[in-house]
Amino acid sequence: MKQTGKPAWLAAVLAAAALTACGGAPGADAGQEVDGVSTEQMQEETSGSSAGLLEEGADAEDGSIAGREQADDSGGYAFDYEGLSIRVDEPMADVLAALGEPDKYYEAASCAFDGLDKMYTYGSFEIDTYPDGGTDYISAVILKDDLVSTAEGASIGDAQEDVTAIYGEGREESGMTVYEKDGMKLCFLFQDGAAVSVEYRSTALD
């Protein structure tokens, strides 16, 4: 049985470890959580886009998402949030414009690329990015509690047999059950028969 708002504590640990693997514990050299950074500033850092993207992509009155053309046929698994389809390996700029300023923002020197890996936390989910050729691409979408779910209806707290009923038998990889499709992964970590972590991951960093 689900517990509303159950935290994906292990997902947070895994995400922090991924960003700090090359630099040890977060700090001045390894990375920093940035306070008071506007969405416009983050957009400029993300891909050199203009501050006006936020005004086009998000409704400031009710927080609903509008004005972004969806790429529903781009393949792989997608995380859907209030009508916005978020996929790994797509540029972060449009997603950032649509979602607006995150609750938390963290950056660290990338282990695999020239530039910064970045983490954007929006309540019940987190989006991680990697830099490539001057553009930030989504490397992972991490669900943090059962207030959100995959497009197919799986969420943290679900019984393993229910996830299997939705996706079939996945393969085991680093202790997680992984479903791979069109060059990306949907990963579940189970503990005591229930999902405690749900992550969309790019294979670009494998």
Side-chain angles (χ1 to χ4, degrees), residues 1-19 57 63-66 68-92 94-96 98-99 102-104 117 119-130 137-206:
M1 182 175 180
K2 292 186 184 179
Q3 298 178 357
T4 302
K6 179 180 178 181
W9 56 269
L10 194 47
V13 171
L14 292 172
L19 279 182
S64 62
I65 295 168
R68 179 170 181 264
E69 185 176 343
Q70 300 302 301
D72 293 331
D73 298 324
S74 59
Y77 296 103
F79 172 59
D80 293 334
Y81 180 72
E82 296 185 2
L84 178 69
S85 182
I86 304 173
R87 299 175 184 271
V88 298
D89 295 318
E90 73 174 349
M92 180 62 184
D94 288 347
V95 175
L96 179 60
L99 292 176
D103 299 323
K104 292 182 181 180
D117 291 334
M119 295 169 55
Y120 303 81
T121 300
Y122 292 94
S124 295
F125 64 95
E126 172 190 307
I127 302 175
D128 296 349
T129 69
Y130 64 93
Y137 294 95
I138 296 174
S139 60
V141 180
I142 302 167
L143 308 192
K144 302 176 75 66
D145 57 43
D146 66 359
L147 299 180
V148 292
S149 65
T150 68
E152 296 77 23
S155 62
I156 288 173
D158 282 354
Q160 186 167 2
E161 56 264 32
D162 293 337
V163 174
T164 301
I166 294 173
Y167 294 103
E169 295 291 340
R171 75 170 190 275
E172 294 301 310
E173 181 180 300
S174 301
M176 303 188 82
T177 300
V178 176
Y179 301 90
E180 188 165 347
K181 182 179 179 182
D182 297 328
M184 60 83 61
K185 298 176 181 178
L186 179 58
C187 308
F188 293 84
L189 180 63
F190 296 103
Q191 187 176 62
D192 298 327
V196 296
S197 173
V198 182
E199 302 181 19
Y200 298 81
R201 293 183 182 175
S202 168
T203 58
L205 304 182
D206 288 354

Going by the rule side chain to side chain donor-acceptor pair (under 3.5 Å), which residues pair with Glu180 if we only count those two or more places apart in sequence or in a different chain? Arg171
Search all heavy atoms of Phe188 against all heavy atoms of Ala195 and return the closest pair with its distance. CD2-CB, 4.4 Å
Using side-chain contact (heavy atoms from CB on, under 4.5 Å), reason through Glu173 and Lys185 one step at a time and then give a plain yes or no. CA-CA 11 Å; Glu173 181 180 300; Lys185 298 176 181 178; 2.7 Å; yes
How far does CD of Glu126 sit from CD1 of Ile142, to the nearest 0.5 angstrom? 4.0 Å
Ring centres under 6.0 angstrom apart (Phe79, Phe125): yes
Quiz question: by atom type and distance under 3.5 Å, do the side chains of Asp145 and Ser124 form a donor-acceptor pair? yes
Enter the distance from Ile86:CD1 to Leu99:CG here, rounded to the nearest 0.5 Å. 5.0 Å
State whether the side chain of Thr203 and the backbone N or O of Gly183 hold a donor-acceptor pair below 3.5 Å, judged by distance alone. yes
Taking salt bridge (Lys or Arg N to Asp or Glu O under 4.0 Å) as the definition, give me every residue that meets it alongside Asp192, ordered by chain and number, with sequence neighbours left out. none
Work out which heavy atom in Ala151 is nearest to a heavy atom in Tyr200; give both atom names and the distance. N-OH, 3.8 Å
Can you name the nearest heavy-atom pair linking Met92 to Ile138, along with the distance? SD-CG1, 4.0 Å
Would you sort out whether Tyr77 and Glu152 count as a side-chain contact (heavy atoms from CB on, under 4.5 Å), showing the intermediate values? CA-CA 9 Å; Tyr77 296 103; Glu152 296 77 23; 3.9 Å; yes
Interatomic spacing from CG in Leu205 to CG in Asp117 - rounded to 0.5 Å: 7.5 Å
For Ser155 against Val198, the heavy-atom pair lying closest together: C-CG2, 4.2 Å
With distance as the sole criterion, is a donor-acceptor pair present between the side chains of Tyr130 and Asp89 under 3.5 Å? yes
Assess the residue pair Val163 and Phe190 against the criterion (side-chain contact (heavy atoms from CB on, under 4.5 Å)); give the C-alpha distance rounded to whole Å, side-chain angles, the decisive distance to 0.1 Å, and a yes or no. CA-CA 10 Å; Val163 174; Phe190 296 103; 3.9 Å; yes
Pair Thr177-Tyr167, side-chain donor/acceptor within less than 3.5 Å: no
Start with the C-alpha distance between Glu90 and Val95, add both sets of side-chain angles, then the distance that settles side-chain contact (heavy atoms from CB on, under 4.5 Å), and finish with yes or no. CA-CA 9 Å; Glu90 73 174 349; Val95 175; 3.3 Å; yes
Closest contact, heavy atoms only, Ile156 versus Val196: CD1-O, 4.0 Å
Side-chain heavy atoms of Tyr120 within contact of Leu96, under 4.5 Å: yes
Should we say atom CD of Glu169 is surrounded by more than 12 heavy atoms from elsewhere, each under 6.0 Å from it? no
What closest approach, in Å, do Cys187 and Arg201 show between heavy atoms, and which atom pair accounts for it? SG-CD, 3.8 Å
Qualifying residues under side chain to side chain donor-acceptor pair (under 3.5 Å), relative to Tyr137, sequence neighbours excluded: none
Quick one: CD on Glu161 to CD1 on Ile166, what's the gap to the nearest 0.5 Å? 11.5 Å
